[in-house]
Colleague: 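The following block contains the structure, expressed as structure tokens.
Residue numbers begin at 1 in each chain, while the letters A, B, ... track the order of the sequences. When reading the values below, keep in mind they use all heavy atoms of this one structure, side chains included, and skip hydrogens, waters and symmetry mates.
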Amino acid sequence: MISALKIDNLWKHYGKTPVVKGLSLSIEPGEIFGLLGPNGAGKSTSINLISGVGQMEKGTIEVFGLDNRTQYRQCRQIVGVMHQEIVVDSFFTIDKALKIHSGYYGIPDDPKWRHLLIERLGLGPHLHKHMLKLSGGLKRRFMVAKALIHKPRLLILDEPTAGVDVELRRGLWELVREINSQGTTVLLTTHYLEEAQSMCGRIAIMNHGDLVALEETSKLLSRMPLRKVTVELDQPAKQIPPGLTHFTPLIENDGTRIIFNLSAQQKSLDLFRALEASDLQVADMLTEKPGLEEVFIHLTGLGQKQDNS
Amino acid sequence: MNDSRPFVRWLPFYTLFKKEVLRFHRVFAQTLVTPIITASLYLFVFGATLGERISVLEGFSYAQFVIPGLVLMGVISNSFANTSTSLFMSRYLGNIVDLLVTPLSTTQFIFAYTLAAMLRGLLVGAAVMLISCAFATLPWAYPSWAILMLVMASFLFSQFGIIAAIYSSDFDNLSMFNNFLILPLIYLGGVFYPISILPPFWGGLSHLNPIFYLIDGFRFALLGVGDAPIALSFGITAAMALGLFIWATALIRSGYRLRQ
């Protein structure tokens, strides 16, 4: 089967600094794929190279089997991209600009589809406003509409929900899921990790231009076997009883809360027994699995940096 | 949801061309009316007032002499301004990415910008020519050559506008192309006086000014007299237009200062 997107050994430098170091990955048709990483990881640069805004130095990019250099016209017809930076043409209204964008892709205007996008993205009341009069969130929603106006087979969304309020964010993800269920492959980046966790079947994490992880979201989460157990106490604990010290406890809240981080080898039951055997007055307990945020911090070393700083 | 609408090959070009025309039409007071008023003022000053006391070419009034240069000045300035401003603004504001991600080919990109700029330049030229009828009647010695020269001049300076937009880093840079290169060359290229009346040194130097050949060729086509052979004027203009077109195409194709 032809991949929706196949990147092989992609390299890019800014000056002498490498920003994408031999990136290779492939996305299958119909996937919602997350590309995550801290600022400066190389995500947006990679997206620019895929969409044609950037020029790659080495490597190949294929979209549904079409080389994005030698077959760039066919390739760009089937890619819709929303870049991270808000850029709009201030000369036109939303409605006019969307018609223009459809034409740029060689696709005659489809009023039904245009109106559907306008409605779903909540742009209706602002249709005849000029771009300069739109808020940041509205401009971002317009950019999503622009990326979808020619019904692309591969949709690339770089930080689509930054600066967008919660309700519209939810609406946007609903639309993305719907479009995906109709056959469009989606590549997205976001700093809202809970969104990536709920939206993406597979996730790649980049750091300093390197690909540090690429797995199914569930497998990526299981990479962090740590479980966090929070114990609330009736009376503040003056010190940790000796039987609990090997569960790596952390005292919080003036001694009325202890957080234990259990490794893969440690069983929750052993902790409960040790707690029962101690003189601590347990009021409540909460066990949590690690989320994508913990995995992300672990893989990108962000936590370590913050600890050192 | 994948699209069943057919891909129309010429549509990206037509859309960009239309967008460029809409852009200058939306600010027509600035892009069309202002240059027409400026040229009309020149016509009034040199044609109706001072012109009656000046004679530089035997058999022709000063108004008749100066009109070809003023028409061409309008065409040159506006063709250059349209491509240079529009493309530079797109680069500066970042919305050039809207074009870079689409299936527009280099040829479509260049010709869409060029034709819109030519249209603006020729509209201004036509308006100035029309207004000039109030000041003098021209013999139109070789009308098809006159139209050809207008078309070549607008094409040439549209290409130069594209090149200037790509090399400019800021608005200062861009205005330098117009203020320190195009305007001096136009004024020294024989708009207001025939090169033949200059001392030999300055006359010789003026023959190195490429805009001289455009103005002289156009004047020859309208009045039937000129300082340089007509074939030389048209040949040099055509060669410059081709050279700048190749240069602009190479820049756009390479993505220089457009793609990261």
Colleague: Between A/Asp109 and A/Lys99, is the closest basic N to carboxylate O distance under 4.0 Å?
Modeller: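 No, A/Lys99 and A/Asp109 are not salt-bridged.
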Colleague: Considering only NZ, NE, NH1 and NH2 on the basic side and carboxylate oxygens on the acidic side, decide whether A/Arg120 and A/Glu178 come within less than 4.0 Å.
Modeller: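 Answer for the salt bridge query: yes.
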Colleague: Donor-acceptor pairs under 3.5 Å, side chain of residues 111-134 of chain B to any protein atom, not counting sequence neighbours: which ones?
Modeller:
from	atom 1	to	atom 2	distance (Å)
B/Thr114	OG1	B/Ile110	O	2.6
B/Thr114	OG1	B/Gln159	NE2	2.9
B/Arg120	NE	B/Thr31	O	3.2
B/Arg120	NE	B/Asn78	OD1	3.4
B/Arg120	NH1	B/Asn82	OD1	3.0
B/Arg120	NH2	B/Asn78	OD1	3.2
B/Ser132	OG	B/Met129	O	2.5

Colleague: Pull out the residues in residues 72-91 of chain A that come under 4.5 Å of chain B, heavy atom to heavy atom, sorted by number.
Modeller: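 So far as heavy atoms go, A/Tyr72, A/Arg73, A/Arg76, A/Gln77, A/Val81, A/His83, A/Val87, A/Val88, A/Asp89, A/Phe91 are the residues that approach chain B to under 4.5 Å.
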Colleague: Can you tell me if A/His130 and A/Lys133 form a side-chain donor-acceptor pair at under 3.5 Å?
Modeller: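 No, no side-chain donor-acceptor contact under 3.5 Å.
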Colleague: Examine whether an atom of B/Arg26 lies under 4.5 Å from a heavy atom of chain A, and if so say whether it belongs to the side chain, the backbone or both; otherwise answer neither.
Modeller: side chain
Colleague: What's the verdict on ring pair (Phe, Tyr, Trp, His ring centres under 6.0 Å) for B/Phe109 and B/Phe13, showing C-alpha distance, side-chain angles and the deciding distance?
Modeller: CA-CA 7 Å; B/Phe109 186 102; B/Phe13 156 76; over 10 Å; no
Colleague: Is there a ring pair (Phe, Tyr, Trp, His ring centres under 6.0 Å) between B/Tyr213 and B/Phe234? Walk through the geometry before answering.
Modeller: CA-CA 7 Å; B/Tyr213 296 97; B/Phe234 276 79; over 10 Å; no
Colleague: For chain A, which candidate among B/Asn95, B/Leu258, B/Leu104 shows the most heavy-atom pairs at distances under 4.5 Å?
Modeller: B/Asn95
Colleague: Counting heavy-atom pairs closer than 4.5 Å to chain A, which one of B/Leu100, B/Val101, B/Val8 comes out on top?
Modeller: B/Val101
Colleague: Where does B/Leu99 contact chain A at under 4.5 Å (heavy atoms): side chain, backbone, both or neither?
Modeller: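 For B/Leu99, side-chain heavy atoms alone lie under 4.5 Å from chain A.
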Colleague: Most heavy-atom pairs under 4.5 angstrom with chain A, which of B/Asp98, B/Leu22, B/Val27?
Modeller: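 Of the options given, most contacts go to B/Asp98.
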Colleague: Does a side-chain N-to-carboxylate-O contact under 4.0 Å join B/Arg23 and B/Glu20?
Modeller: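 Answer for the salt bridge query: yes.
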Colleague: Are there more than 12 heavy atoms of other residues, nucleotides or ligands under 6.0 Å from atom CD1 of A/Ile2?
Modeller: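 Counting other residues, nucleotides and ligands, CD1 of A/Ile2 stays at 12 neighbours or fewer.
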Colleague: Please check if the side chain of B/Arg257 supplies one atom and the backbone of B/Tyr167 the other of a donor-acceptor pair under 3.5 Å.
Modeller: yes
Colleague: Does any heavy atom of chain A fall under 4.5 Å from the side chain of B/Ser86, the backbone, both, or neither of them?
Modeller: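 No part of B/Ser86 comes within 4.5 Å of chain A.
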